[in-house]
Amino acid sequence: MTRDAARLLRKDLLGIADLSAAEIALVLDTADAMKEIGSRPIKKVPALRGKTVINLFCEPSTRTRTSFEVAEKRLSADTLSISVATSSVVKGETLVDTARNLEAMSPDLIVLRHASSGACHLLARVCKAGIINAGDGTHEHPTQALLDAFTMRERKGRLAGLKVAILGDLLHSRVFRSNALLLTKVGAEVWACGPPTLIPPGMEQMGIRATTSVEEAVQDADVVMMLRIQLERMQGGFFPSLREYFNVFGMTRARLARARPDAIIMHPGPMNRGVEIASDVADGPGSVILEQVANGVAVRMAVLYLLAGGGADEAAA
Amino acid sequence: MRLLLKGARLVDPASGVDGQRDILIDGGRVVRVGVDIPAGDCGNASVVDLGRDLVVSPGLIDMHVHLREPGFEHKETIATGTGAAVAGGFTAVACMPNTNPVNDNAAVTRFILKQAGEARFSRVYPIGAVTHASAGEQLAEIAELRAAGCVALSDDGRPVATALLMRRALEYGGMFGMTIIDHCEDRSLAGQGVAHEGYHAGQLGLRGIPAAAEDVMVDRDIVLAEATGSSLHIAHLSTAGALRSVRGAKARGVRVTCEVTPHHFTLTDERLGAPLPYDTRLKVNPPLRTAADREALVSGLADGSIDAIATDHAPHHHDEKNVEFDLAPFGIVGLETAVSLSFDRLVHRGTITLRRLVELLSVNPARILGVPGGRLAEGDVADLTVLAPDLQLTVSAAVMRSLSRNTPFDGWTLRGGIAATIVGGRVRYVNPDVPAARGLEKE
């Protein structure tokens, strides 16, 4: 990697689709340094002092919003969080108008969570502030994929060549899409598994192996990632019942036994225990689910810093 | 007012004419067509020499537009929509009934015709609703719609709701010779979809509308048209599967016709992601399909299985389109780009001949709707379009006559356009960029 490539020379982080493998590595390397800050007694550095970050959450979120807020505060940014219940979005104002009003206050970054795919692209076109996608519809959730990759790399020492099985509602999952894009870019072997009604078209074009057999997906896997099954999918006729889902696709210790002995279990949360994952797997020895949450802060610090702070040189120092 | 057009190539498939002809127009009708009509024979007629580079065609007819009036005058009015029509070379348009109120009764039909008459641009042929308020429950008063001036029936924007209603509409509408134009979409399969279900929608996290949503409805309608013997027209056909069904039905003698839009024969779902991701000017229904579908449509246009090119001109205000992709309304304007796209993408690439273009845009729409036009023989109404096949132009949404600018073709460079549009012997549009047509400006 050349020194020039080792910079996040972009205004926005809209999706993993836009990132090169070098940029992904830069974020993960920067996150290594950021993680160390979280282990200090005084967990704060002045990297984003005087920078303003607005967290605009137009869809309910606890985990991601909290994670961004902690990351921003540790970097000394001035932050405020707007959730849909208190914003003017509910008063009939358009997203573009809301963004322009926020823009008038000269923020450096806007972190957006929105129910519509592409909402971040729309905002990026009308705002001078950098936009960080904190989840848009069923499109992407890039910081989740980056923190998942960070966690895998920390545990396995590499990403290239890992067999990663992702199971659950792939069709409606922005976490799946971002992870699949990232992992194929860095040379991991991605397997996607779920009922055929929840597997999106185009898997082969994405370089992903799709299967309806949990056994085949999990066989010799280094990483087993479970995705949340939402109750409303059952009403949409995607599968008959949560009970049947668990019986056919739920991750149990017996099914997990096919994975490599040192396989790690991941879940972006929130979990449905007894639906997509058995409790003894979620809480079992391979589970890194809480590590993902901890790493989320470090990765988001890295993203914020690389977009609004200095360049890579300073980060490495 | 007498007008003698000299020098241009006349392409009039219905009369079997393709060659240099002079045309004498008087009293709104074609009175003489000949290889060389001496100006001295024409009394006080104005004489305009169009030159060898222009083509005269029977007036183009767009059989699928939304004029938005009454009810949505911020998107388009009958005056601005018909102004856009003549600027796009159309001497007549057929407007869909999904206005507010819906054109399901004679009062609305008469209002539309009155507004069109006052606008004095293109002719307007109203299409009446199949069902009351297009709600899909009770047939509209079809005899009254017919008497007031409706030329066909459609619940466009939505499919005719049930198979039973479609059957009844075909039977009852058939009594008046009214074609049923159906927007073929199985709503349960389309769901809340916003883009063609496939790789590209998947990459963008956009909810998909599968090709099957169109295909099953086309098949339903063909079965019912065959059973009733009535005539069916499929609006904005967009899939290879639906085209296959139409071909099969035509071979069996079913009275089915179909149209394709310029955006469906030009664009594919690949554009949703690049160069401008989530561009709501690409959100149309039916959605932009795959490259394979587009290729099938192009072959259908060439071999005659597709009867017409129609725009589905669907104006929306900028504010309505400047929102999240899934919240934006479906539809784009098309009247002022259709002919240029047809020339550039079909004629100049050798896919179809000029004669076939005139069939698709004039002869067949007139026949399907049962309206005058589509031919320029002596005695015919003097609706004609002067085409400039080699005009190089850059599409500019900013100067469009339509009240709305929601076109994905803004900035495109295309070859082929309009020189002038003449409706009932009156010059309604002259393109200032075509020097050979300037003689018409004073008419």
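Bear in mind that the values here come from a model prediction, so they are computed numbers and not experimental data. Chain letters run A, B, ... following the sequence lines, proteins first and then strands; every chain starts at 1.
Expressed to the nearest 0.5 Å, how far CG of Leu14(A) lies from OH of Tyr278(B) amounts to 9.5 Å. Atom CG of Leu181(A) sits about 5.5 Å away from atom CD of Gln203(B), to the nearest 0.5 Å. In this structure, Asp326(B) CG and His139(A) NE2 are separated by 12.5 Å, a value rounded to the nearest 0.5 Å. Thr94(A) OG1 to Glu320(B) CD: the interatomic distance, rounded to the nearest 0.5 Å, is 12.0 Å.
The candidate from His172(A), Met206(A), Arg174(A) with the greatest count of non-hydrogen atom pairs under 4.5 Å with chain B is Met206(A).
Using a 4.5 Å cut-off between heavy atoms, Met203(A) makes no contact with chain B at all. Neither the backbone nor the side chain of Asp97(A) comes within contact range of chain B; no heavy atoms are under 4.5 Å apart.
Aromatic rings of His121(A) and Phe325(B) (six-membered ring for Trp) have centroids beyond the 6.0 Å cut-off, not under it.
When the shell of 6.0 Å around CZ of Arg167(B) is examined, it contains 12 or fewer heavy atoms from other residues, nucleotides or ligands.
Heavy-atom minimum distance, Val323(B) versus Leu122(A): C-CD2, 3.5 Å. Taking every heavy atom of both residues into account, Leu206(B) and Ser117(A) meet most closely at CD2-CB, 4.0 Å. Heavy atoms only, all atoms of each residue included: Arg177(A) and Gly205(B) are closest at NH1-CA, 3.9 Å. Residues Arg125(A) and Pro277(B) come closest through the heavy atom pair NH1-O, 3.1 Å.
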